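These figures come from a predicted structure and were not determined experimentally. Note on naming: letters A, B, ... go to the chains in the order of the sequence lines (proteins, then strands), and numbering restarts at 1 for each one. As a basis for the values below, the full set of heavy atoms in this structure was taken, side chains included, without hydrogen atoms, waters or symmetry mates.
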2 protein chains.
Amino acid sequence: MAAKKDDSGPALPPAIESAWGLRERPPKGPRPGLSVPGIVDAAVRVADADGLTAVSMSRVAKELGAATMALYRHIGSKDELLLLMVDAGYGPPPGPAAPGDGWRAGLTRWARAERDVLRQRTWLLHVPITGPPITPQQLGWLEAGLRCLDDTHLAESEKMSVILLITGYVRNEATLTAQIAEGSRAAGVEPGELMPAYGRTVARLIDPARFPALHRVLTSGVLNQDDDPDDEFTFGLDRILDGIEALVRRRAS
Amino acid sequence: MAAKKDDSGPALPPAIESAWGLRERPPKGPRPGLSVPGIVDAAVRVADADGLTAVSMSRVAKELGAATMALYRHIGSKDELLLLMVDAGYGPPPGPAAPGDGWRAGLTRWARAERDVLRQRTWLLHVPITGPPITPQQLGWLEAGLRCLDDTHLAESEKMSVILLITGYVRNEATLTAQIAEGSRAAGVEPGELMPAYGRTVARLIDPARFPALHRVLTSGVLNQDDDPDDEFTFGLDRILDGIEALVRRRAS
DNA sequence: TAGTTCTGCGTATGGTCTACGCATAAAAGC
DNA sequence: GCTTTTATGCGTAGACCATACGCAGAACTA
């Protein structure tokens, strides 16, 4: 039996193939009124407006003026739709940094770009990740990150680990700040008032003798002053980059 | 009007109060056949056996030989149950490190302990976190982490940031390795065969001219060798600790 | 013994995803 | 131009899910 053209791997979900433009329209049959990008755009619009929990198949279909089951002609399952929503939600990666900038400035720029996206679309953080990146934009972001490390002498595996480390940090930090915003909105208090209230609650619950270190943190008033979330972000990122810098220096010699 | 005893904060969910032992049984009425710890234990048993998606109110009730709605007498909502499941799932924090050990050895121990828990109970990673830690065990882990930094001269806010940084890293790393395991089980391939297959798929999709850095990673064969996930974990953790060490040194002088 | 109060649970509502099958529209081949 | 082929849109229906509400009865106090 002759080898087919694209037989070299496990079958990709149809929607992924269409995201890479590998799917030509079959010559016969009626014109499709819906398209994968159209469906994904509608889903993203719903998520932007009312959050990820509002994204149901029927809601997206209503957004398009179509019937619920019409979507399943183009998309295999809701999980597949979510995957494509993440791809569209991230958008294109940031362009390359200025030529003179080093890897550290480049990665900082890259990390801030991701944080900005996640701050704009917090629903991205609620999509359960089911596997390694496979969609065009996702791999584009990965590529952009890796390129920042081109001039270093890190091993390829180390570059990969570094990128994973940073994107993990960004996602984590974005999750925490989003939780504070969401929590204060749910509780109906000022955003700056949530952490002090939390501190008071914890202080009431814990026994200072059994939780001395935590008690010290609470009485230090850290939670009372609402510091710039940007400072918090920069603090952690700089610690990580410091650690990476030590490795880069070691590999350079 | 006289001040009541525990009026100093917003009302806590009843289940949280009972987790802190703040809830005495009312003297009247029939003996409750169910208890909050019993329900939580049953839910944890279900999650351990069949994953978090199997945890539905009816399934937990069936586990207890009770009716679905019986649970709502003890627990306000499913989210509340999930919160308590996380608390029980984590279990007690690791004990204090040996007196001679420094902060770095202590934090390493602490981080590995959390990783071990998350490796054992991957469903913990799928519980959507809705707020800062408020349950006894969660705060116990936080306390144990903070104590590792007792001998440093970091500011209290910096200690907090450091702990957040590390726990975020551990969660992220555990999520990634759990995804690989889950993905290979779902695809029915050997765990060591998933990443190479992923690499082949990506290599087929991307254009080397547009994704040069990524192409280089793929052709370097990083994904083909299945390295010890422990090495991967240690690599990232050491980078972070290197960065923290630089800060600790700066604050010591 | 009477009264009170809390427990367990049955019923019912409205939501979710999605498997299946039918009528129809559009193109290809003769 | 007519027939055949094929894919499309969508209606119906099933199997789940969380949970609001209200009732019968048990266990305690007085």
Side-chain angles (χ1 to χ4, degrees), chain A residues 13-15 17-18 22-40 42-43 46-47 50-85 123 126-128 130 186, chain B residues 13-15 17-18 22-40 42-43 46-47 50-85 123 126-128 130 186:
Chain A
E17 288 198 339
S18 85
L22 296 178
R23 217 163 169 81
E24 66 269 14
R25 206 174 92 64
K28 290 193 177 182
R31 276 266 153 66
L34 272 48
S35 70
V36 173
I39 294 172
V40 173
V46 171
D50 296 340
L52 193 66
T53 56
V55 177
S56 70
M57 298 307 263
S58 59
R59 178 78 151 74
V60 174
K62 194 177 294 177
E63 189 80 10
L64 291 164
T68 306
M69 291 313 291
L71 305 184
Y72 282 92
R73 283 280 163 199
H74 306 269
I75 282 177
S77 67
K78 191 187 179 183
D79 283 345
E80 224 172 279
L81 174 59
L82 290 175
L83 191 66
L84 297 177
M85 283 176 68
W123 54 266
H126 295 116
V127 179
T130 58
Chain B
E17 288 197 340
S18 85
L22 295 178
R23 221 168 164 77
E24 66 269 13
R25 204 174 93 64
K28 289 194 179 182
R31 275 268 152 64
L34 272 47
S35 70
V36 173
I39 294 173
V40 173
V46 171
D50 296 340
L52 193 67
T53 56
V55 177
S56 70
M57 297 307 265
S58 59
R59 179 79 196 293
V60 174
K62 194 178 294 175
E63 190 80 10
L64 291 164
T68 306
M69 290 312 292
L71 305 183
Y72 282 94
R73 283 278 165 205
H74 306 268
I75 282 177
S77 68
K78 192 186 180 186
D79 283 344
E80 224 172 281
L81 174 59
L82 289 175
L83 191 66
L84 297 176
M85 284 176 66
W123 55 265
H126 295 118
V127 179
T130 57

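- Residue pairs meeting the salt bridge (charged side-chain N to carboxylate O under 4.0 Å, His left out) criterion with at least one partner in residues 52-61 of chain B, sequence neighbours excluded, are B/Asp50-B/Arg59.
- In this structure A/Ser58 satisfies the side-chain contact (heavy atoms from CB on, under 4.5 Å) test together with A/Ser56, A/Thr68, sequence neighbours excluded.
- Listed by first and then second residue, the salt bridge (charged side-chain N to carboxylate O under 4.0 Å, His left out) pairs involving residues 67-83 of chain B amount to none (not counting sequence neighbours).
- You'll find that the side chain of A/Arg73 is closest to C/dG21, out of D/dA18, C/dC9, C/dG21.
- Scanning for side-chain contact (heavy atoms from CB on, under 4.5 Å) contacts around A/Ile39 gives A/Leu34, A/Val60, A/Leu64, A/Leu71, A/His74, A/Ile75, A/Leu81, with sequence neighbours left out.
- Put simply, B/His74 has a side-chain N or O that comes within less than 4.0 Å of OP1 or OP2 on C/dG8.
- Contacts of A/Ala67 classified as side-chain contact (heavy atoms from CB on, under 4.5 Å), with partners at least two apart in sequence or in another chain: none.
- Taking atom CD1 on B/Ile39 and atom P on C/dT7, their separation rounds to 11 Å, with Å as the unit.
- Computed from coordinates, the B/Ile75 CD1 to C/dT7 P distance equals 13 Å when rounded to whole Å.
- Nearest heavy-atom pair across A/Val55 and A/Ala43 is CG2-O, 3.9 Å.
- A straight line from NZ of A/Lys62 to C1' of D/dC10 spans 16 Å, rounded to a whole angstrom.
- For A/Tyr72 and C/dG21, the OH to P distance is 18 Å, given to the nearest whole Å.
- What separates CG of A/Leu81 from C1' of C/dT18 is a distance of 14 Å, to the nearest Å.
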Polar atom pairs between nucleotides 12-17 of chain D and protein, under 3.5 Å, N or O only, would you list them?
unit_1, atom_1, unit_2, atom_2, d
D/dC17, OP1, B/Ser56, OG, 3.3

